[in-house]
There are 2 protein chains.
Amino acid sequence: MAKTGRRPGPTETRAHILAAARAQFGAHGYDGATIRGIAGEAGVNPSLVHHFFGSKDQVFAAALDFPVDPGALVATILAGPRAQVGERLLRMFLALWGAPEPSKAFLALIRSVSTNEQAADLLRQFLERAVLGRVTEALGVPRLRATALAAHLVGLAMVRYVVRVEPLASAPDEELIAVVAPVLQHYLEG
Amino acid sequence: MAKTGRRPGPTETRAHILAAARAQFGAHGYDGATIRGIAGEAGVNPSLVHHFFGSKDQVFAAALDFPVDPGALVATILAGPRAQVGERLLRMFLALWGAPEPSKAFLALIRSVSTNEQAADLLRQFLERAVLGRVTEALGVPRLRATALAAHLVGLAMVRYVVRVEPLASAPDEELIAVVAPVLQHYLEG
DNA sequence: GTCTATAATCGGATAGAC
DNA sequence: GTCTATCCGATTATAGAC
């Protein structure tokens with residue numbers, strides 16, 4: 001029984017590169033990460049990265065195309081008593097940052113936002129459309145309050161996951177929820 | 001009347017370079033800013049930057065040694081009715097970001113935090129000692145709540161001054177205070 | 001004190017053999 | 001599909017003339 005036809009193919013390699021890219025962009029940001037570094041972590045030749053994605057920009061875009069459906073998230077957040085929307089929103093946020101794949105993409109995004117215009121646009125759009133637009137529309141929250149709420153979440157990400165300031169960095173989810181959820185709820189009740 | 005002796009000297013040049021450094025680090029972050037760019041903006045030769053400061057790291061450190069006395073800030077925040085500490089804290093924050101020199105230093109810091117360990121340490125220390133330490137000590141606020149409050153301020157800086165998401169980016173100070181100050185106050189009242 | 005010139009690296013991207 | 005070799009631009013940093 002001889003094997004014929006094409007062998008397993010490159011599908012695997014591409015995925016390796018993508019995973020390595022997420023890790024590198026997450027660790028060093030857009031500017032800090034290098035094609036060589038990504039290739040090194042993936043165990044392949046730097047040229048292959050170009051071969052599969054074309055340019056550094058495109059690798060970045062592919063790495064950020066996170067495995068998350070904003071629509072589903074919002075649906076989950078909105079499903080349930082209105083008095084606990086803040087808590088569900090925060091739980092969702094913490095769950096995303098706790099999951100391996102999305103957290104790497106988010107980390108890459110937030111690490112790159114400061115110096116990369118492309119990343120800043122992405123975050124702006126993500127906040128505007130995926131989160132603020134829908135939630136404010138559904139709940140009738142004034143735009144400014146919603147943006148302030150988003151700012152708090154961004155700050156939480158920065159302090160807890162990027163700069164890692166204690167005790168916020170190692171606080172258990174539940175403790176954090178007890179402290180922060182009421183504040184988010186307050187913003188939603190304008 | 002012939003001019004004799006040494007001319008005005010380098011004092012001025014050094015200050016020019018420092019101002020240019022603050023602007024460049026603020027605009028592009030640590031990694032994005034270049035010695036050449038700083039020298040260009042200051043109207044001097046790149047070598048001079050090395051001459052005065054030694055290395056890029058040291059220029060960065062000098063640029064971040066902001067013209068602000070944390071002790072005085074805290075004193076101002078604590079002076080007055082306890083029920084308005086949140087508001088005074090926020091006013092101070094907005095005033096600092098509104099002033100030209102400190103705002104450039106802060107921008108440089110926050111733009112560099114994501115990718116530069118030195119900057120991350122600096123922010124951590126600044127939050128810990130200059131702000132959290134003193135305020136929590138003086139008011140008896142639990143550490144976790146204080147850190148959450150700091151996170152909110154960091155997020156505000158990111159969204160309002162770095163990524164510039166509307167309507168938060170262009171909202172007048174007073175509107176912002178009306179929305180956000182009560183939240184800060186809530187954190188302070190455990 | 002200020003400049004020119006240049007050394008030493010490093011990173012992204014491409015060409016082309018296998 | 002995967003590799004080697006290489007080009008090209010940009011950057012930090014230094015040596016040394018004036």
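Predicted model, so just to flag it, every value in this text is computed and none were measured. Here is the naming used below: chain letters follow the sequence lines, and residue numbers restart at 1 for every chain.
Looking only at atom types and distance, the side chain of A:Asp57 has no donor-acceptor partner in the side chain of A:Ser55 under 3.5 Å away. A:Gln185 and A:Glu87 share no donor-acceptor pair across their side chains, judged by distance under 3.5 Å alone.
One interatomic measurement links the two molecules: NE2 of B:His16 to P of C:dT2, which rounds to 11 Å at whole-angstrom precision. Between the CG atom of B:Asp57 and the C1' atom of D:dT11 there is a distance of 14 Å, given to the nearest Å. As rounded to whole Å, 11 Å separates atom C1' of D:dT6 from atom CZ of A:Arg36. The CZ-C1' distance, from B:Phe53 to D:dA13, rounds to 16 Å in whole Å. Here the P atom of nucleotide C:dA13 and the CD atom of A:Gln58 are 9 Å apart, to the nearest Å.
Judged by distance alone, the side chain of B:Gln84 and the main-chain N or O of B:Pro81 form no donor-acceptor pair under 3.5 Å. No donor-acceptor distance shorter than 3.5 angstrom exists from the side chain of A:Arg22 to the backbone of A:Ala105, with no hydrogens or angles considered. Counting only distance, with no hydrogens or angles, the side chain of B:Lys56 and the backbone of B:Ala33 share a donor-acceptor pair below 3.5 Å.
Contacts between residues 23-35 of chain A and DNA chain C, defined by a heavy-atom separation under 4.0 Å, are made by A:Ala33, A:Thr34, A:Ile35. Looking at residues 44-51 of chain A, you'll see A:Ser47, A:His50 sit with a heavy atom under 4.0 Å from some atom of DNA chain C.
Considering only residues two or more places apart in sequence or on other chains, A:Ser114 meets the side chain to side chain contact (heavy atoms under 4.5 Å, CB included) condition with B:Arg111, B:Ser114. In this structure, A:Arg134 has no salt bridge (charged side-chain N to carboxylate O under 4.0 Å, His left out) partners at least two apart in sequence or on a different chain. Residues meeting the ring pair (Phe, Tyr, Trp, His ring centres under 6.0 Å) test with A:Tyr187, sequence neighbours left out: B:His152.
Classification of the B:Phe25-B:Phe60 ring pair by plane angle, with boundaries at 30° and 60°, yields perpendicular.
Within 6.0 Å of atom CD in A:Glu137, 12 or fewer heavy atoms from other residues, nucleotides or ligands are found, so the atom counts as exposed in its surroundings.
The two residues A:Ala151 and B:Leu156 make their nearest non-hydrogen contact at CB-CD1, 3.8 Å.
Axis orientation changes by 10° from one end of the helix from C:dG1-D:dC18 to C:dC18-D:dG1 to the other, with each end axis drawn from 5 pairs and the value rounded to 10°.
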